[in-house]
S.K.: 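The structure that follows is given in the form of structure tokens.
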Amino acid sequence: MNETIVMPKLGMTMTEGTITEWYKEVGDPVEKGEPILTISSEKLNQDIEAPISGVLLKKHGEVEDELEVGAVIGVIGAEGKTASTETKKVEQPHAEKSKTSERVSVATVARPVKQASTKTRIFITPLARRMAEKENLDIAHIKGTGGNNRITKRDIERVLVNGVDVEVEATAERTTQAVSVDLSAVGEGLSPMRKAIARNMRGSLAQTAQLTLHRKVNADPLIDFQKVLRKEIESGELDVKLTLTVLIARATVLALQELKKMNSLYHDGQLTEFDEVHLGIATSLEDGLLVPVIKDAHQKTIGSLAKEMKDITEKARSGAADGNLLSGSTFTITNLGASGIEYFTPILNAPETGILGIGALQDELALAEDGAVKSVKKIPLSITFDHQIVDGATAAEFLTMLVGYIESPYRLVL
């Protein structure tokens with residue numbers, strides 16, 4: 001029996017992936033669990049393994065081809081068998097399913113002639129754009145159902161069967177007024193990872209109203225608290241690396257649970273606030289950036305948070321992180337303190353509502369209560385948020401809560 005290899009969905013907003021390398025050619029034997037090819041998604045490179053042992057019978061894409069999530073990439077079967085000519089897309093959960101009995105001849109479907117527009121750009125996958133050009137479709141009259149309302153292959157197929165979407169004139173008017181970016185050409189010539197990062201960053205800036213607030217916090221109480229905990233760790237001979245970032249992460253989780261508006265996602269026109277905190281940790285690599293996720297961070301103690309943060313960042317840097325580890329975050333923190341950066345404006349890890357930037361420790365002079373001058377260590381914090389979802393007052397309230405935990409660190413263990 002033949003088995004198909006399909007483009008996996010490695011993240012909530014992933015709509016397509018790029019084939020970056022084939023390890024096998026048609027006719028080559030493969031073993032179950034053996035890597036067959038590598039794909040590049042919006043967040044990482046991922047090896048795709050053989051679901052069964054057999055022979056690679058057919059490839060449905062070459063290197064640099066972009067295929068939609070669920071599309072068939074290849075077919076594996078027994079030696080001497082032939083691959084089925086059926087290459088239908090494997091439907092993802094909640095996807096629209098068209099019934100064969102409802103299909104009509106493409107020639108009988110009325111559709112507008114494709115027109116070039118100089119006033120607007122519309123989100124559309126490269127594959128869908130090629131299909132639209134081939135069928136002479138006006139993409140301004142097509143409603144996208146992919147991430148960020150992007151037009152996908154499924155939308156083109158729907159229009160070919162059912163005709164253009166309803167409210168054509170209203171749709172055209174809205175798309176003319178909309179400010180958007182065509183991401184299909186973004187990152188051309190870059191490595192797959194840099195290309196994915198470029199598209200994510202451009203898409204994030206295009207779809208959100210980003211604003212950043214800055215504030216410094218007195219880090220002396222947190223540093224003293226860290227010293228106390230480190231002594232306990234040493235006396236207990238525990239294998240825990242307790243950094244200031246871990247403690248700030250714990251403070252962030254508690255603040256997010258108090259102010260759930262900041263622990264939210266806005267995706268496909270729907271805003272969802274979460275009780276659970278899945279914390280993304282921006283991790284730098286030689287050729288890019290990954291955001292592995294600590295799932296259910298609100299249930300972690302400081303010690304378990306420290307262990308898991310160390311574990312997921314090591315996996316990200318070693319290339320061992322899978323799609324599950326790199327998806328599902330509800331809020332992200334990023335730290336440039338090691339680079340000596342004070343303040344910066346992190347870009348949202350869309351579709352999240354907020355991202356916290358942590359800067360380098362700063363030595364400042366301050367007046368003590370007795371009037372004497374003393375040296376104080378302060379941490380610069382930068383919170384970028386989507387002004388569509390929350391106002392500046394809400395983001396400032398979140399920073400105030402966060403500062404409260406940092407300056408009264410024993411609350412982190414209550």
S.K.: Does a sphere of radius 6.0 Å around CG in Asp239 hold more than 12 heavy atoms from other residues, nucleotides or ligands, not counting ones at 6.0 Å or beyond?
M.R.: no
S.K.: Return the minimal non-hydrogen interatomic distance between Tyr405 and Ala251, and the atom names on each side.
M.R.: CB-CB, 3.7 Å
S.K.: Return yes when atom CZ of Phe274 has more than 12 non-hydrogen atoms of other residues, nucleotides or ligands closer than 6.0 Å, and no otherwise.
M.R.: yes
S.K.: Can you list everything that forms a side-chain hydrogen bond (donor to acceptor under 3.5 Å, both in side chains) with Thr38? Sequence neighbours excluded, please.
M.R.: Tyr23, Asp47
S.K.: Which pairs count as side chain to side chain donor-acceptor pair (under 3.5 Å) when at least one residue sits in residues 378-396, sequence neighbours excluded?
M.R.: Thr212-Thr384, His214-Ser382, Asp386-Gln388
S.K.: Nearest 0.5 Å, what's the CG-NZ distance between Asn218 and Lys377?
M.R.: 11.0 Å
S.K.: Tell me, do Leu57 and Ile76 make a side-chain contact under 4.5 Å, heavy atoms counted?
M.R.: no
S.K.: Are any side-chain N or O atoms of Ser329 and backbone N or O atoms of Thr332, one a donor and one an acceptor, separated by less than 3.5 Å?
M.R.: no
S.K.: Do any pairs count as a ring-ring contact (aromatic ring centres under 6.0 Å, His included) and have a residue in residues 283-332, sequence neighbours left out, and if so which ones?
M.R.: Phe331-Phe398
S.K.: Considering non-hydrogen atoms only, spot the tightest contact between Val246 and Leu305 and give its length.
M.R.: O-CD2, 3.9 Å
S.K.: With distance as the sole test, does Glu232 use its side chain to make a donor-acceptor pair with the main-chain N or O of Leu229 at under 3.5 Å?
M.R.: no
S.K.: How long is the straight-line distance from CD1 of Ile142 back to CD1 of Ile156, given to the nearest 0.5 Å?
M.R.: 4.0 Å
S.K.: For residues Leu160 and Glu135, determine if any side-chain heavy atom of one lies less than 4.5 Å from a side-chain heavy atom of the other.
M.R.: yes
S.K.: Quick one: do Lys295 and Glu308 make a salt bridge, cutoff under 4.0 Å?
M.R.: no
S.K.: If the condition is salt bridge (Lys or Arg N to Asp or Glu O under 4.0 Å), which residues does Lys241 pass it with, not counting sequence neighbours?
M.R.: none
S.K.: Quick check for you: to the nearest 0.5 Å, what is the distance between Leu247 atom CG and Ile223 atom CD1?
M.R.: 10.5 Å
S.K.: Could you tell me whether a side-chain N or O of Gln362 sits under 3.5 Å from a main-chain N or O of Ala360, the two making a donor and an acceptor?
M.R.: yes
S.K.: Given side chains that start at C-beta, do those of Val75 and Ile5 come closer than 4.5 Å, heavy atoms only?
M.R.: no
S.K.: Quick one: does any side-chain atom of Asp296 pair with a main-chain N or O of Gln299 as donor and acceptor, under 3.5 Å?
M.R.: no
S.K.: For the atom pair OG1 (Thr330) and CE (Met262), what is the distance rounded to the nearest 0.5 Å?
M.R.: 11.0 Å
S.K.: In sequence, state the C-alpha distance, the side-chain angles, and the governing distance for Leu67 and Glu16, and then conclude on side-chain contact (heavy atoms from CB on, under 4.5 Å).
M.R.: CA-CA 5 Å; Leu67 301 179; Glu16 67 271 331; over 6 Å; no
S.K.: Check whether Arg215 reaches the backbone of Pro380 with its side chain - one donor and one acceptor, N or O, closer than 3.5 Å.
M.R.: no
S.K.: Check whether any side-chain heavy atom of Ile333 lies under 4.5 Å from a side-chain heavy atom of Ile355, and answer yes or no.
M.R.: no
S.K.: Distance check, rounded to the nearest 0.5 Å: Glu3 atom CD versus Lys32 atom NZ?
M.R.: 9.0 Å
S.K.: Indicate yes or no: at least one non-hydrogen side-chain atom of Thr334 is less than 4.5 angstrom from one of Leu356.
M.R.: no
S.K.: What's the verdict on side-chain contact (heavy atoms from CB on, under 4.5 Å) for Val30 and Val55, showing C-alpha distance, side-chain angles and the deciding distance?
M.R.: CA-CA 6 Å; Val30 298; Val55 173; over 6 Å; no
S.K.: Regarding Thr313 and Thr283, is there a side-chain donor-to-acceptor distance under 3.5 Å anywhere?
M.R.: no
S.K.: Begin from the C-alpha positions of Ile358 and Ile248 and carry the test side-chain contact (heavy atoms from CB on, under 4.5 Å) through to its verdict.
M.R.: CA-CA 9 Å; Ile358 304 170; Ile248 294 174; 3.7 Å; yes
S.K.: Going by heavy atoms in the side chains, are Phe225 and Leu412 under 4.5 Å from each other?
M.R.: yes
S.K.: What's the shortest heavy-atom distance between Ile383 and Ala395, and which atoms?
M.R.: CG2-O, 4.4 Å
S.K.: Where is the tightest heavy-atom contact between Ser204 and Gln210, given as atom of each residue plus distance?
M.R.: OG-NE2, 2.8 Å
S.K.: Could you tell me whether Glu342 and Lys216 have a side-chain N and a carboxylate O separated by less than 4.0 Å?
M.R.: yes
S.K.: Mark yes or no for whether Asp65, through its side chain, and Glu62, through its backbone, hold a donor-acceptor pair below 3.5 Å.
M.R.: yes
S.K.: Would you call Leu37 and Glu21 a side-chain contact if the rule is heavy atoms closer than 4.5 Å?
M.R.: no
S.K.: So does Lys59 get a backbone contact from the side chain of Trp22, meaning a donor-acceptor N/O pair under 3.5 Å?
M.R.: no
S.K.: Would you mind checking if Lys143 and Asp155 are paired as a salt bridge, meaning a charged N to carboxylate O distance below 4.0 Å?
M.R.: no
S.K.: Would you say Leu205 and Ile347 make side-chain contact, with heavy atoms under 4.5 Å?
M.R.: yes
S.K.: Would you find a donor on one side and an acceptor on the other, under 3.5 Å apart, between the side chain of Thr301 and the backbone of Ser304?
M.R.: yes
S.K.: Using a strict threshold of under 4.0 Å (side-chain N to carboxylate O), is an ion pair present between Asp311 and Lys315?
M.R.: yes
S.K.: With sequence neighbours excluded, what pairs up with Lys260 under the side-chain contact (heavy atoms from CB on, under 4.5 Å) test?
M.R.: Glu273, Asp275
S.K.: Quick one: does Asp224's side chain have a donor or acceptor within less than 3.5 Å of a partner on Pro221's backbone?
M.R.: no
S.K.: Heavy-atom count around Lys24 NZ within 6.0 Å, excluding the residue itself: above 12?
M.R.: yes
S.K.: In sequence, state the C-alpha distance, the side-chain angles, and the governing distance for Arg129 and Ile151, and then conclude on side-chain contact (heavy atoms from CB on, under 4.5 Å).
M.R.: CA-CA 8 Å; Arg129 183 180 293 280; Ile151 298 171; over 6 Å; no
S.K.: Taking atom OG1 of Thr345 and atom CG of Leu213, what is their separation to the nearest 0.5 Å?
M.R.: 12.0 Å
S.K.: Has the side chain of Asn263 got a donor or acceptor atom that lies under 3.5 Å from a matching backbone atom of Glu276?
M.R.: yes
S.K.: Please step through salt bridge (Lys or Arg N to Asp or Glu O under 4.0 Å) for the pair Lys58 and Glu25, ending with a clear verdict.
M.R.: CA-CA 8 Å; Lys58 191 163 186 178; Glu25 296 297 332; over 6 Å; no
S.K.: Could you report the tightest heavy-atom contact between Val293 and Gly328, atom names first, then the distance?
M.R.: CG1-C, 4.4 Å
S.K.: Residues two or more places apart in sequence or in another chain: which of them pass salt bridge (Lys or Arg N to Asp or Glu O under 4.0 Å) with Glu234?
M.R.: none
S.K.: For a quick test of reading the model, state the closest non-hydrogen atom pair linking Ala78 to Asn2 and the distance between them.
M.R.: N-OD1, 4.4 Å
